[in-house]
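Heavy-atom basis, side chains included; hydrogens, waters and symmetry copies ignored. Every chain is numbered from 1, with letters handed out A, B, ... down the list of sequences.
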Amino acid sequence: MKGRVNVALLVGAVLVALVGLAAVVSFFWTPHDPTLVDAARKLREPGGGYLLGADKFGRDTFSQLMVGARTTLYVGIVAVGIAAVLGVPLGMVAGMTPRGWLSELIMRVNDLVFAFPALLLAVMLGAVYGAGTLTAMIAIGVATVPAFARVTRAATLQVMVTDYILAARAAGRRRPAIAVRHVLPNISSMLIVQASVSFAIAILAEAALSFLGFGTRPPTPSWGRMLQESQELLFSTPRLALWPGLAIALAVLGFNLLGDGLRDYLDPRLRRIREQAEPPANGATR
Amino acid sequence: MLSVDGLTVRADSAELVHQVSFAIAPGERVGLIGESGSGKSLTALSLMGLLPEGVTASGTARLGERDLVGVPESRIKDLRGRELSMVFQEPMTALNPLMRIGAQVAEVMTLHGRSSPEARARALDLLGRVRLPDPEQIFRAYPHQLSGGQRQRVMLAIALANEPRLLICDEPTTALDVTVQKQMLELIAEVAPALLFITHDLAVVASVCERVLVMYGGRVVESGPIREVFTRPRHRYTEGLLAASKLTPRGTRLPTIQGNVPPAGHFPDGCVFRNRCPQATTACEQVPALTGDGHAHACWHPAD
Ligand SMILES: Nc1ncnc2c1ncn2[C@@H]1O[C@H](COP(=O)(O)OP(=O)(O)OP(=O)(O)O)[C@@H](O)[C@H]1O
Ligand code: SF4
Ligand SMILES: [Mg+2]
């Protein structure tokens, strides 16, 4: 396909790929041990093998950022995974039986969860089950379920009124089969977009929770906690807050742009225009 | 074979189709005509059990020994696509855009118990039978690679896949251009086992069907053999429809009769055509019954 380059998609993909690359490489290699505390290197200035310097415990900032990317993606994937696994089927049920009591129930419970602040949920879960990455992921995931369920329901409603669903029913297909064969594939582009936007929100939420001390526990590096630890040095050594802050901002921007770009790219109306550029199957009647 | 008796369709408070009765014998091709909003589609959808949410049907409709109306959906699902099939108006949207044509044709057969190699072989056959050029290529194509006429042929192949006893077509050619339309009609007339054919277009119904039901305001106002109804219409609505069609070129969607079709639920009581009928009298404030064997009409002051 030739044509207008989708800038949002491109920039978003590059940013997300950078985060991904940092995370993957961190499994095999980091410039230094990101958790190694060394008083001799305390607040070391950038340079000489320490690209971005070291923090108040003497840990290498660049290495911490790399492993922090891993934490970020990990939390994002699990949280969005939870949200999708719960939200998509619920949204589909609600969308396929829009007048049923089950649909009513799902959407009301959904509103309830949606009205509940995600961070408060995480703090409560943390207080009961102990703070940590897992608690944070579950809390963020559960809090994201309503968003997924709503988008899924709206997309399902759209698909359900199309003639090919009517035709599938006319052909004798049963509801669960219609859901899997016809509805799911046709709403998947919307879900992909929703996933990338939710991913951005999850990253922010994890950073906020870690900043508040309800997220990732030390010594596991996390961007949010790096911010928190740099707090008292904000004026004397601003770079310690700058780098993780920038990492969070770029990752969030990356996923948001990716979501926007995918929305444009997968938009059925735009897709149809592109398809018309392709030749038809054969030259018969048109 | 199909017998419909007192079919009534309701949405909340409004009655959309009122006491419709007709029968279709094996091999018979019956047309259902009427202006937009007269209840044609709802009549067809209630036979398929595919009425939209919130719309319900009562009365009886039987295909052979099986009840179609007033039974839970689970009891008629096995009939759909097997004994009873339907082709819809919009060929551009009636196929799943993400599935190959062959898979969609084969699916309706595996669904009703055929093995998948057998279904695939037969799907290829069917694509040839509906006269698609190069069936093998079409088999592997996606819907967007086909023209409207080709897609409608695919829909017909799907509808015929399980050798149904009755085919329902809801304006299957309205979205096609005139030459393609003609070929499609010939094909339908040739392959349909028994046919209920819905259209606005009087010329179309005359070329495909043997018998016709004229619907207005959710009621059958006249019915009979095509030739009789078209040459000697009795109901004033049919008369107006025919007169209007002589003035409008073939293929245009709506022949015009003075006045507009009222919205559902706002038809006059008594004869539903009363507010537009030039012959209306006070007698027409009573509901006229559909009377006459063969050629029946529901009008107090029928034409000649
Ligand atoms: N889901 C629904 N709820 C309420 N009213 C409906 C619904 N579907 C259709 N109607 C009404 O029922 C009447 C008959 O509709 P129907 O679709 O059967 O008409 P039709 O004869 O097929 O018209 P057309 O030629 O435009 O397809 C219309 O007035 C329509 O507004
Ligand atoms: S019954 Fe009366 S109003 Fe109705 S079509 Fe006949 S003459 Fe016209
Ligand atoms: Mg219709």
Just list the side-chain donor-acceptor pairs under 3.5 Å for residues 185-197 of chain B, sequence neighbours left out, or say none.
unit_1, atom_1, unit_2, atom_2, d
B:Glu190, OE1, B:Arg131, NH2, 2.6
B:Glu190, OE2, B:Arg131, NH2, 3.1

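We find the CG-CG distance between B:Leu98 and A:Leu184 to be 10.5 Å, quoted to the nearest 0.5 Å. With rounding to the nearest 0.5 angstrom, the CD1 atom of A:Ile178 is 11.0 Å from the CG atom of B:Asn96. Taken from CG in A:Leu166 to CG in B:Asp170, the straight-line distance is 9.5 Å, to the nearest 0.5 Å. Note that the CD atom of B:Glu53 and the CE atom of A:Met160 stand 8.0 Å from one another [nearest 0.5 Å].
Within a 6.0 Å radius of CZ in B:Arg120, other residues, nucleotides and ligands contribute 12 heavy atoms or fewer.
A donor-acceptor pair under 3.5 Å is formed between the side chain of B:His112 and the backbone N or O of A:Ala171. B:Arg80 contributes a side-chain N or O that, together with a main-chain N or O of A:Arg169, makes up a donor-acceptor pair within less than 3.5 Å.
A heavy-atom distance below 4.5 Å is found between the side chains of A:Tyr164 and B:Pro97. Considering only heavy atoms from C-beta on, A:Arg181 comes within 4.5 Å of B:Met99 through its side chain.
Of the atoms belonging to B:Thr93, heavy atoms from both backbone and side chain fall under 4.5 Å from chain A. Only the backbone of B:Leu95 comes within contact range of chain A, with heavy atoms under 4.5 Å apart.
The two residues B:Ala94 and A:Ala167 have their closest heavy-atom pair at O-CB, 3.7 Å.
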Full working for side-chain contact (heavy atoms from CB on, under 4.5 Å) between B:Glu107 and A:Arg173:
CA-CA 9 Å; B:Glu107 181 177 47; A:Arg173 267 228 165 260; 2.6 Å; yes
